**Student:** 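Have a look at the structure that comes next, please.
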Amino acid sequence: PHPTLRGATIKALFGELASKPNQPARVAALRREIEAEICNITQQYQLYIRKYVEVTPLMREECLAPTEDQRWLNRELNMIDRQIGYKTRLLLEMEKALDTRPSEPLNEAGAGHGEAVGEEGGRRKKRLFRGGIV
């Protein structure tokens, strides 16, 4: 690995002090550089822990089981979704049943009772109204 600029400075100061041990200015510079490097490494380590290791409150909540209120709400939402699905399928089946039933010729008495006359040869079309099939 390649040392950083501060690491190279520390290495050079160690080399100088190894050859000439009695240099108080160099010893003070070496201590200053080592303390600065320790401070820098500590900050980087804290940042790493915060970014990759620490569990935030939001992450902690995601790991927890739902509360009683949340379970009740989930049950209600699922029940509503199922009801919508059932009613949609029923509506589609009713429309399909109307489409497959053979059309009867329209007589004049039935023309005014909610039935519509189609454009294709006087056949009537069934329509769905709020109260049921007409």
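Residues: numbered from 1 along the sequence shown. Only heavy atoms go into these numbers, but all of them, side chains included; no hydrogens, no water, no symmetry mates. The shown structure was predicted, so the numbers you read here are calculated from the model rather than taken from an experiment.
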**Student:** Are more than 12 heavy atoms, taken from residues, nucleotides or ligands other than Asp81, located less than 6.0 Å from that residue's CG atom?
**Tutor:**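 More than 12 within 6.0 Å, yes.
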**Student:** Can you tell me how far apart CG (Leu17) and CZ (Arg26) are? Round to the nearest 0.5 Å.
**Tutor:**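 One gets 8.0 Å once the value is rounded to the nearest 0.5 Å.
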**Student:** Go through the steps to decide whether Tyr86 and Arg82 satisfy the test side-chain contact (heavy atoms from CB on, under 4.5 Å), and finish with yes or no.
**Tutor:** CA-CA 6 Å; Tyr86 294 148; Arg82 283 193 302 273; 4.2 Å; yes
**Student:** Other hydrophobic cluster members with Met79, side-chain heavy atoms of Ile/Leu/Val/Met/Phe/Trp/Tyr under 4.5 Å, chained?
**Tutor:**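 Met79 shares its hydrophobic cluster with no other residue.
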**Student:** Rounded to the nearest 0.5 Å, what separation is found between the CZ atom of Phe14 and the CD1 atom of Ile34?
**Tutor:**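 With rounding to 0.5 Å, CZ (Phe14) is 4.5 Å from CD1 (Ile34).
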**Student:** Among Asn40, Thr42, Ile41, whose side-chain contact (heavy atoms from CB on, under 4.5 Å) with Ile38 holds?
**Tutor:**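 By the side-chain contact (heavy atoms from CB on, under 4.5 Å) criterion, Ile38 pairs with just one of Asn40, Thr42, Ile41: Thr42.
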**Student:** Is Tyr45 linked to Tyr52 within one hydrophobic cluster, defined over Ile, Leu, Val, Met, Phe, Trp and Tyr using a side-chain heavy-atom separation of less than 4.5 Å?
**Tutor:**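 Yes; Tyr52 is reachable from Tyr45 via cluster members.
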**Student:** Atom CG of Asp99 and atom NZ of Lys96: how far apart are they, to the nearest 0.5 Å?
**Tutor:**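 Those atoms lie 9.5 Å apart.
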**Student:** Using 0.5 Å steps for rounding, measure from the CZ atom of Arg50 to the CD atom of Gln46.
**Tutor:**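 If I round to the nearest 0.5 Å, the distance is 6.5 Å.
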**Student:** What's the separation between atom CD1 in Ile49 and atom NZ in Lys51, rounded to the nearest 0.5 Å?
**Tutor:**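 Reported to 0.5 Å precision, the distance equals 13.0 Å.
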**Student:** To the nearest 0.5 Å, tell me how far Ile10 CD1 sits from Leu5 CG.
**Tutor:**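 Reported to 0.5 Å precision, the distance equals 10.0 Å.
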**Student:** Kindly determine whether Glu95 and Leu98 satisfy side-chain contact (heavy atoms from CB on, under 4.5 Å), including the steps that lead there.
**Tutor:** CA-CA 5 Å; Glu95 287 178 348; Leu98 286 175; 5.6 Å; no
**Student:** Ignoring hydrogens and geometry, is there a side-chain-to-backbone donor-acceptor pair from Glu35 to Arg32 under 3.5 Å?
**Tutor:**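 Flag not set: sc Glu35 to bb Arg32 has no pair under 3.5 Å.
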**Student:** Flag yes if more than 12 heavy atoms outside Arg6 fall under 6.0 Å of its CZ atom; otherwise flag no.
**Tutor:**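 Yes, CZ of Arg6 has more than 12 neighbouring heavy atoms, counting only those of other groups under 6.0 Å.
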**Student:** Salt bridge or not for Glu68 and Arg71, using N-O below 4.0 Å?
**Tutor:**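 Salt bridge between Glu68 and Arg71, a charged N being under 4.0 Å from a carboxylate O: yes.
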